[in-house]
J.: 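First the structure, then my questions, so here it is.
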Amino acid sequence: MAGPGQPQAIDAALGELYPDADCELDFTSPLELLVATVLSAQSTDRRVNAVTPALFARYPDAAAYAGADVAELEALITPTGFFRAKAGHLIGIGAALDERFDGAVPGTLADLVTLPGVGRKTANVVLGNAFDVPGLTPDTHFIRLANRFGWVASTKPDAVEQAVGELFPPEDWVQLSHRVIWHGRRRCHARRPACGVCPLEGLCPSYGEGPTDPAVAATLVREPRG
DNA sequence: ATCCCGAGGG
DNA sequence: CCCTCTGGAT
């Protein structure tokens, strides 16, 4: 089997490259992680972590979000982008948690995706990092790299989650997601993958499709905390 | 200019 | 499938 290569070997190599790969959002409860993850949509961890301390202090529980003043909430989350949609989502989440989940964040995929602003990707982040429920996170990076690695040809999140899930045991899914996503953000970019500073030569079917001169590739690496 | 660990709506 | 929503970093 030439195409998929050895998934375990790729995961191991990424584990050596990113030994500290984890969720970069700051949170101390499932609700905080849920809120931070909703704010992360098309944003960055740095910008989210910059606003969450004040946000969490102002809105300590679901009821606080449900009763929030829209303008005040929008002002607090403005730097994360898409603030109007996100503010509406957070207020809707607060109301939904109070009405249907006794004020607590539900710990199942089926329940989480019924919340406004929460899709499959956001739900899996919350499940994997706040509830220790095994789950893959098929975001844009994960899908792109799963395609490049030859693990699956489809670009649809459901198909990617299914196919990759069969290549790895559930206990690996959360860590695998973080490693693959970190690699997508730091080296294996959409437009110019930095193959020259990637350890997957001989393992990745797409190796060499980006700059392979180490000096050039090094200029493309995005360091952490961005 | 281009991208960001997306989601909702048409 | 398409489109829109947003500010910030590079």
J.: For B:dC3 and A:R191 - does any side-chain N or O of the residue sit under 4.0 Å from the phosphate oxygens OP1/OP2?
T.: yes

J.: Considering just the side-chain nitrogens and oxygens of A:S40, establish if one lies under 4.0 Å of OP1 or OP2 belonging to B:dG6.
T.: no

J.: Using the side-chain heavy atoms of A:T44, tell me which of these nucleotides is nearest: B:dG6, C:dT6, B:dC4.
T.: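 The listed nucleotide nearest to A:T44's side chain is B:dC4.
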
J.: A:L127 CG to B:dC5 P: how many Å, rounded?
T.: 20 Å

J.: Round to the nearest Å and state the distance from A:R222 atom CZ to B:dC5 atom C1'.
T.: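 Answer to the nearest Å: 12 Å.
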
J.: B:dG6, B:dC4, B:dG8: which one has an atom nearest the side-chain heavy atoms of A:H89?
T.: B:dG8

J.: To the nearest Å, how far apart are A:Y18 OH and B:dC5 P?
T.: 13 Å

J.: Looking at A:R185, I'd like to know whether one of its side-chain N or O atoms comes within less than 4.0 Å of OP1 or OP2 on B:dC5.
T.: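 So the side chain of A:R185 is within the cut-off, an N or O lying under 4.0 Å from OP1 or OP2 of B:dC5.
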
J.: Just call it for A:N124: base, sugar-phosphate, or nothing, with non-hydrogen atoms closer than 4.0 Å on any strand.
T.: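 Answer is nothing: A:N124 stays at 4.0 Å or more from every strand.
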
J.: Which comes earlier along DNA chain B counting from the 5' end, the contact point of A:P116 or that of A:C23, where each point is its nearest nucleotide?
T.: A:C23

J.: What integer number of Å spans the P atoms of C:dA9 and B:dA7?
T.: 23 Å

J.: Exactly one of A:D45, A:I181, A:V48 should register a side-chain contact (heavy atoms from CB on, under 4.5 Å) with A:E24. Which one does?
T.: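 When A:D45, A:I181, A:V48 are each tested with A:E24, the side-chain contact (heavy atoms from CB on, under 4.5 Å) holds only for A:D45.
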
J.: For a side-chain contact (heavy atoms from CB on, under 4.5 Å) with A:T37, tell me which candidate from A:V118, A:V125, A:N129 qualifies.
T.: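 Answer after filtering A:V118, A:V125, A:N129: A:V125.
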
J.: Say you pick atom P in C:dG8 and the same atom in B:dG8; how far apart are they, in whole Å?
T.: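 24 Å, rounded to whole Å.
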
J.: With sequence neighbours left out, what residues match A:F142 under ring-ring contact (aromatic ring centres under 6.0 Å, His included)?
T.: none

J.: Nearest 0.5 Å, please: how far is OG1 in A:T80 from CD in A:Q42?
T.: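 Going from CD on A:Q42 over to OG1 on A:T80, the span is 11.5 Å.
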
J.: Within residues 63-82 of chain A, find the residues that approach DNA chain C with a heavy atom at under 4.0 Å, and present them sorted by residue number.
T.: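 By residue number: A:T78, A:P79, A:G81, A:F82.
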
J.: Taking all atoms of both residues into account, what is the closest heavy-atom pair of A:Y207 and A:L200, and its distance?
T.: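 Taking A:Y207 first and A:L200 second, the nearest heavy atoms are CD1-C, 4.0 Å.
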
J.: Under 4.0 Å, heavy atoms only, any strand: does A:V38 hit a base, just the sugar-phosphate, or nothing?
T.: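 Counting heavy atoms under 4.0 Å across all strands, no contact is made by A:V38.
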
J.: For A:K86 and C:dC5, what is the distance between atoms NZ and P respectively, to the nearest whole Å?
T.: 15 Å

J.: Go through the steps for A:W173 and A:L127 under the test side chain to side chain contact (heavy atoms under 4.5 Å, CB included), then give the verdict.
T.: CA-CA 11 Å; A:W173 290 350; A:L127 288 174; over 6 Å; no

J.: Taking atom P of B:dC4 as reference, at what distance in whole Å does atom CG of A:L39 sit?
T.: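 The distance from CG of A:L39 to P of B:dC4 comes to 18 Å, rounded to the nearest Å.
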
J.: Send over the distance from A:K121 NZ to B:dG8 P, rounded to a whole Å.
T.: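 Rounding to the nearest Å, NZ of A:K121 and P of B:dG8 are 11 Å apart.
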
J.: What contact category does A:T140 fall into here, base, sugar-phosphate, or nothing, at under 4.0 angstrom with non-hydrogen atoms?
T.: sugar-phosphate

J.: Rounding to the closest angstrom, what is the interatomic distance between B:dC5 and C:dC3 at atom P?
T.: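 After rounding to an integer number of Å, I get 23 Å for this pair.
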
J.: Looking at residues at least two apart in the chain, or sitting in another chain, which of them share a ring-ring contact (aromatic ring centres under 6.0 Å, His included) with A:F168?
T.: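 A:F168: ring-ring contact (aromatic ring centres under 6.0 Å, His included) contacts with A:W151.
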
J.: So which nucleotide from B:dC5, B:dG8, B:dC4 ends up closest to the side chain of A:Q42?
T.: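 So the side chain of A:Q42 is nearest to B:dC4.
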
J.: Between C:dT4 atom C1' and A:R84 atom CZ, what is the distance in whole Å?
T.: 12 Å

J.: In whole Å, I'd like the distance from the CZ atom of A:R192 to the C1' atom of B:dT2.
T.: 13 Å

J.: Given A:Y18, which partner from the list A:H183, A:R179, A:H178 fulfils the side-chain hydrogen bond (donor to acceptor under 3.5 Å, both in side chains) test?
T.: A:H183

